[in-house]
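Presented below is the structure to which this report refers.
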Amino acid sequence: RAGSSLAMGFVLSMVAFPALSWQLGDRQAYNNKMALLNVMLEGAKQRAVDTDDLQTLCLVMSIGNDVTERYLQEHSGDQQIEQRLKGMRNDFTSCLGLLYNAQ
């Protein structure tokens, strides 16, 4: 009996690790996408300052929001990312306000 309990524990751990690995992989993929978008965002901010191109800045912000929303569809319990999305939405709303007031 002890052997079968030990074997069952081993089997369950083998099943759980791929799921955990997948979740970690999802978070890493999200982090990689956001790192790339952050580089693009910094360039878009500079471009907005230099040439008043708010459209590109708002577009990059919109893409970041979309990537984050899609991540949260699969990982709705991630409080850190949910908080990040709230801030990102506020920034995007401000960008749109600036864009429409400039026209």
Margin query: Check whether N101 reaches the backbone of G97 with its side chain - one donor and one acceptor, N or O, closer than 3.5 Å.
Written below: yes
Side-chain H-bond candidate by donor/acceptor type, R27 with Q80, under 3.5 Å | yes
Rounding to 0.5 Å, atoms SG (C95) and CE (M88) come to a distance of 12.5 Å
The reported gap from CG in D50 to NZ in K45 (rounded to nearest 0.5 angstrom) is 14.0 Å
Around atom CZ of R84, are there more than 12 heavy atoms from other residues, nucleotides or ligands closer than 6.0 Å?
yes
Side-chain heavy-atom pair V67, M34 within 4.5 angstrom cut-off: yes
Between T68 and G64, is there a donor-acceptor pair closer than 3.5 Å when you use the side chain of the first and the backbone of the second? yes
Closest non-hydrogen contact found for F92 with S62 is CE1-CB, 3.7 Å
Separation between CG (D52) and CG (L57), nearest 0.5 Å, reads 11.5 Å
| said: Checking the side chain of T51 only, and the main-chain atoms of R47 only, is there a donor and an acceptor separated by less than 3.5 Å? | reply: yes
More than 12 heavy atoms of other residues, nucleotides or ligands under 6.0 Å from CD of E74: yes or no? no
side-chain contact (heavy atoms from CB on, under 4.5 Å) filter on D91, not counting sequence neighbours, yields M61
_Single-linkage hydrophobic cluster, 4.5 Å side-chain cutoff, L59 and V39 together_ = no
Taken in chain and number order and not counting sequence neighbours, the residues that satisfy ring pair (Phe, Tyr, Trp, His ring centres under 6.0 Å) with Y30 are Y71
Value for OG (S94) from CG (L54), rounded to nearest 0.5 Å, stands at 11.5 Å
Value for CG (L98) from OG1 (T93), rounded to nearest 0.5 Å, stands at 11.0 Å
Review point. Judged by modelled atom types alone, do E69 and N65 share a side-chain donor-acceptor pair under 3.5 Å?
Key: no
